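The structure presented is a predicted model; accordingly, all values stated were derived computationally and were not measured. To find a chain, count down the sequence lines: A is the first, B the second, and so on, and within it residues start at 1.
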Amino acid sequence: MKTSVNIRVNGTLRTHDVEPRVLLVHFLRDLCGLTGTHVGCETTLCGACTVLLNGQAVKACTILAVQADGGEVTTIEGLASNGRLHPVQEAFWECHGLQCGFCTPGMILASVELLQHNPQPSREEIAHAIDGNLCRCTGYSHIIDAVQCAAKKMAQPGEAK
Amino acid sequence: MIPAAFDYLRPQTLEEAVNLLVQHGETAKLLAGGHSLIPALKLRLAQPKTVIDIGRIADLSYIREEDGRIAVGAMTTHRAIEASALLEEKCPLLPEVARHVGDVQVRNRGTLGGSLVHADPAADWPAAILALNAEVVTVGPKGPRVIAAKIFFIDLFQTALRPDEILREIRVPVTAKSVAYVKTVQRASGFAIAGVAVVVKAAAKTVSVGITGVAAKAYRATAVETKLAGQPLSAENIAAAAARAANRIEPLGDIHASAEYRAHLARLNTRRALGVAASRA
Ligand SMILES: Cc1cc2nc3c(=O)[nH]c(=O)nc-3n(C[C@H](O)[C@H](O)[C@H](O)COP(=O)(O)OP(=O)(O)OC[C@H]3O[C@@H](n4cnc5c(N)ncnc54)[C@H](O)[C@@H]3O)c2cc1C
Ligand code: FES
Ligand code: FES
């Protein structure tokens, strides 16, 4: 039996009737048309599907849409504001934090969550925070550079958090 | 990977959840953080007719000091335990173990109660719960029940919880800082190949040791504990005791580690964990 699910996605309330077995990642991609959230492994291992649910990084392939009902989700599409990339997005671009880009939305959202509660993370702390995100291209080193670069950008007065 | 269809119920109180569980019986599954259940639903290893989501029940997620012990609500996430200043101060083994569970995203969703009830033989929490002599509090149609950790784990994925009961709370003692968790990790899954949790009680000159990942269920290494009782924790004494960490245990063997290697890791990690805990005394 379908139930009505209301989720505020990137600030816009989205309401869809879904079967309880529908996963959050499919709600976002198929019903909201937000395909920036990627599906890599479908087994909770790769982190490509990472989004923020009520401010916390979660793997959208392992959450039922009904569990997120009433909640707030931020996807990669929701980070830029007023036509300007989020500092973490800019930093990934500038520091070569991506190659093919498949892992990137998940990496960026995991990094955004880290920087929210630890604005000056060490390389070890960054590695711990992205432990649930796999990248087959970069070797991680440039991703860690990018997160540190983003931390510096975000420490500038007046910069978006 | 799409789960088979199921009905979804979202009780608002524990009482309501127990009633639903009684009403639907074995055809229903409780859903906590979902980080063991949803993977099983997607693989269709689990196909419940009804899923009862206990995630919205108020006051199942808390960490508080009560009567000299720390009470942790069953729905408390691994992440909340990792970040708890109260636990860091009063029961530092729990945050130390939490850091080893999966990754940030898993810790943000998965719960202590869910992990204990799931009773995966390679889960981290059982080692800590055993070493701490914790108690779990359940609630069912006949009311609450308190179960000691040492009789909670029965076998692979089996616990002393009855089918109509819900795990409500985990109670751990206040401890000194002389605790440690040493884990050999299965890199691909994050689970333990051998995880050893140790609590050293310096004043009483006793230690307690919980071991996970090695056998079909987590166990207390009583042979190690007896050997060290009343003894100074010198390197020699620790080594002699740790050599007994897999005594009378049938270790599991699989593609990640043979039974022999698991027994070796149990002994090695016990020696290391005892050393670390003793150094913190
Ligand atoms: C990628 C990945 C990596 C992981 N790595 C680790 C790791 O390194 N170490 C580790 O220990 N674990 C690991 N886990 C497992 C994780 O810790 C799970 O969160 C945990 O095992 C289950 O908790 P949950 O709240 O998600 O439970 P759920 O999946 O919601 O439920 C699990 C089972 O317990 C039952 N249940 C849940 N709560 C209750 C309750 N209060 N009363 C009665 N029954 C209940 C459910 O009905 C179900 O059968 C990992 C999981 C994933 C997906
Ligand atoms: S698709 Fe969700 S973790 Fe890989
Ligand atoms: S950039 Fe290709 S997977 Fe990370």
Exercise for review: Enter the distance from B:Phe6:CZ to A:Glu19:CD here, rounded to the nearest 0.5 Å.
Suggested key: 9.0 Å
Exercise for review: Can you see which heavy atom on B:Pro39 is nearest to which on A:Thr44, and at what distance?
Suggested key: CG-OG1, 4.0 Å
Check your understanding: Which heavy atom in A:His128 sits nearest to a heavy atom in B:Arg99, and how many Å separate them?
Key -> CE1-O, 3.7 Å
Does atom [atom1] of [X] have more than 12 heavy-atom neighbours, drawn from other residues, nucleotides or ligands, at distances under 6.0 Å?
X        : atom1 : answer
B:Arg187 : CZ    : no
A:Arg14  : CZ    : yes
B:Lys177 : NZ    : yes
B:Tyr261 : OH    : no
B:Glu26  : CD    : no
A:Arg136 : CZ    : no
A:Glu125 : CD    : yes

Is chain B contacted by the side chain of [X], its backbone, both, or neither, given a heavy-atom distance below 4.5 Å?
X        : value
A:Glu113 : side chain
A:Cys41  : backbone
A:Leu53  : side chain
A:Thr43  : both
A:Leu114 : neither
A:His26  : side chain

Check your understanding: When only pairs under 4.5 Å are counted, which of B:Asp53, B:Val104, B:Val106, B:Leu41 shares the most heavy-atom pairs with chain A?
Key -> B:Val104
Review point. Taking B:Gly34, B:Ala4, B:Gly190, B:Ser189 one by one, which has the highest count of heavy-atom pairs under 4.5 Å against chain A?
Key: B:Ala4
Review point. When you measure from the side chain of B:Asn108 to the backbone N and O of A:Val58, does any donor-acceptor pair fall under 3.5 Å?
Key: no
Review point. Would you say A:Arg21's side chain and B:Asp7's backbone share a donor-acceptor pair under 3.5 angstrom?
Key: no
Point to revise | Atom group of B:Leu43 that falls short of 4.5 Å from chain A, counting heavy atoms | key: neither
Exercise for review: Identify which part of B:Ala83 has an atom lying under 4.5 Å from any heavy atom of chain A, answering side chain, backbone, both or neither.
Suggested key: neither
Under 4.5 Å between any side-chain heavy atoms of [X] and [Y], yes or no?
X        : Y        : value
B:Met1   : A:Cys61  : no
A:Thr62  : B:Arg109 : no
B:Thr77  : A:Gln56  : no
A:Asp131 : B:Arg107 : no
A:Lys59  : B:Asp103 : yes
A:Leu64  : B:Ile38  : yes
B:Gln105 : A:Asn133 : yes

